[in-house]
Asker: 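Quick one: this structure, given as structure tokens, is what I'll be asking you about.
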Amino acid sequence: MNFIALDVETANADMASICQIGIAKYIDGKLAEEWSSLIDPEDYFDFINIDIHGITEKDVVGYPTFPEITDKLSDFMNNEVSVCHTHFDRVSINQALTKYGLKEFNTIWLDSARVTRRAWPELSCRGYGLHNVCNFLGYKFKHHDALEDAKAAGHILLAASKESELDIEGWLKRINQPIDPANIGTRAAIKREGNPEGSLYGEVMVFTGALEIPRREAADMASKIGCQVGASVTNKTTLLVVGDWDVSKLAGHEKSSKHRKAELLISEGIPIRILRETDFKEMVSSSDEIA
């Protein structure tokens, strides 16, 4: 199996604010090359993100900006299968390319979270986050280090291939099939909860701030890609979508009560991801492309 595995860390809720990239290259199912670098995101660092990965504005001084490492990324990604765990890394890369007016890479993306949900029935509906899957497999790594996370995603794909006896081409087909092929006729019946075939099934999403799209439409979009939509932020919330204006004004100050509640829960160890409406719409678009 030949592929590359990739992971990124971001400086703030803007998914284009990449501050670290890690890539692991696999040839014939074995780790052949690895590369990582801190990245100057040319943006502010939110304390929430710093608490997650430990990277600060001082750490990236003197390191390249995203446009300065795109040739390196091209060498790894063009004409290859690029593996990442959930859509976040794919969206971040594409958002950074858009931010700088750069051309997308010629790569085929493979989501190892979607692979996980089809390889192990006990992880099909919940518990398919990177850290939990690695615990399930007995794989030890340093979570939220981009290179470590990239290699973890690579390990998951290799383990899933061994479990299922599917090669890379087999998995590229399998992820677009129902999690349980026996339930192929039941997708339309599930309307209130997240679509169980959606790439983000198991996530609980809440919206806050001034969105460009109507909340009802946003909720429909979230449900389609698998998210359960909540009215308020609780310890079961996993994703908070914030209006772009609310993220950018005063570099994160004057936040809504939901936003502040999410940050409080994050500080208490609840794994909530905060993202902009723009990034949410890109996630929906990316999910549609592989559906």
Side-chain angles (χ1 to χ4, degrees), residues 8-18 41-49 52 86-101 104 111 113 190-267 270-291:
V8 306
E9 301 295 334
T10 57
N12 55 59
D14 182 347
M15 293 177 75
S17 65
I18 295 174
E42 300 184 291
D43 206 342
Y44 74 96
F45 280 73
D46 193 297
F47 75 93
I48 292 294
N49 296 65
I52 292 171
T86 77
H87 280 72
F88 292 115
D89 308 285
R90 175 185 183 181
V91 172
S92 288
I93 291 291
N94 288 339
Q95 291 293 77
L97 290 169
T98 299
K99 174 182 176 179
Y100 290 104
E104 289 189 8
D111 183 346
I190 301 174
K191 298 179 180 179
R192 292 183 179 272
E193 299 296 329
N195 171 17
E197 298 295 340
S199 59
L200 293 184
Y201 184 68
E203 304 282 358
V204 179
M205 181 176 287
V206 174
F207 295 93
T208 188
L211 304 182
E212 289 185 357
I213 56 178
R215 290 288 179 92
R216 186 180 298 275
E217 180 180 342
D220 290 341
M221 293 164 65
S223 177
K224 180 181 178 182
I225 61 174
C227 295
Q228 176 185 341
V229 179
S232 60
V233 173
T234 70
N235 59 7
K236 293 183 178 180
T237 304
T238 60
L239 297 169
L240 177 68
V241 177
V242 182
D244 287 8
W245 166 249
D246 298 83
V247 170
S248 61
K249 65 183 180 182
L250 296 180
H253 298 291
E254 296 185 5
K255 297 168 182 174
S256 70
S257 59
K258 290 180 182 177
H259 199 154
R260 294 194 302 271
K261 176 69 176 296
E263 291 185 342
L264 175 62
L265 290 173
I266 292 170
S267 70
I270 304 298
I272 300 174
R273 176 102 184 205
I274 300 174
L275 59 153
R276 302 178 306 158
E277 178 186 4
T278 296
D279 297 320
F280 162 68
K281 289 189 284 189
E282 175 63 23
M283 287 172 57
V284 172
S285 176
S286 296
S287 181
D288 288 342
E289 288 175 9
I290 63 175

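Every heavy atom of this structure was used, including side-chain atoms; hydrogens, water molecules and symmetry mates were not. Residue numbers count from 1 along this sequence.
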Asker: At their closest point, which heavy atom of Leu200 faces which heavy atom of Met283, and how far apart are they?
Answerer: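 Leu200 and Met283 have their closest heavy atoms at CD1-CE, 2.9 Å.
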Asker: Please say whether more than 12 non-hydrogen atoms of neighbouring residues, nucleotides or ligands are located less than 6.0 Å from CD in Glu42.
Answerer: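 Yes.
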Asker: Would you say Ser92's side chain and Phe88's backbone share a donor-acceptor pair under 3.5 angstrom?
Answerer: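 Side chain of Ser92 to backbone of Phe88, a donor-acceptor pair under 3.5 Å: yes, one is there.
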Asker: Sub-3.5 Å donor-acceptor pair from the side chain of Thr237 to the main-chain atoms of Leu239, do we have one?
Answerer: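 Such a contact is absent between Thr237 side chain and Leu239 backbone.
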Asker: Check whether Asn12 reaches the backbone of Phe45 with its side chain - one donor and one acceptor, N or O, closer than 3.5 Å.
Answerer: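 Answer holds: no.
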Asker: Whether the side chain of Lys258 engages the backbone of Phe207 through a donor-acceptor N/O pair (distance < 3.5 Å, no angle test) should be reported.
Answerer: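 Flag set: sc Lys258 to bb Phe207 pair under 3.5 Å.
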Asker: Is the shortest heavy-atom distance from the side chain of Asp111 to the side chain of His87 under 4.5 Å?
Answerer: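 Side-chain contact under 4.5 Å: yes.
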Asker: List in chain and number order the residues that pass salt bridge (Lys or Arg N to Asp or Glu O under 4.0 Å) with Asp279, two or more places apart in sequence or in another chain; answer none if no residue qualifies.
Answerer: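 If we apply the salt bridge (Lys or Arg N to Asp or Glu O under 4.0 Å) test to Asp279, skipping adjacent residues, the hits are Arg276.
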Asker: Spell out, as yes or no, whether a donor-acceptor pair under 3.5 Å connects the side chain of Ser17 to the backbone of Pro41.
Answerer: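 No: the side chain of Ser17 does not pair with the backbone of Pro41.
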Asker: Is any side-chain heavy atom of Leu240 closer than 4.5 Å to one of Arg273?
Answerer: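 They are not in contact (no side-chain heavy atoms under 4.5 Å apart), so the answer is no.
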Asker: Compare every heavy atom of Met221 with every heavy atom of Ile213, then report the nearest pair and how far apart it is.
Answerer: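 Closest pair (atom of Ile213, atom of Met221, distance): CD1-SD, 3.7 Å.
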Asker: Mark yes or no for whether Asp89, through its side chain, and Val8, through its backbone, hold a donor-acceptor pair below 3.5 Å.
Answerer: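 Answer holds: yes.
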Asker: Do Glu212 and Lys281 sit within salt-bridge range, that is, some charged N less than 4.0 Å from a carboxylate O?
Answerer: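 Looking at Glu212 and Lys281, the cut-off is met.
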Asker: What's the shortest heavy-atom distance between Ser286 and Val91, and which atoms?
Answerer: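 Looking at all heavy atoms of both residues, the shortest contact is OG-CG2, 4.0 Å.
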Asker: Looking only at heavy atoms, what is the nearest atom pair of Val241 and Glu277, with distance?
Answerer: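 Reported closest heavy-atom pair: CG1-CA, 3.8 Å.
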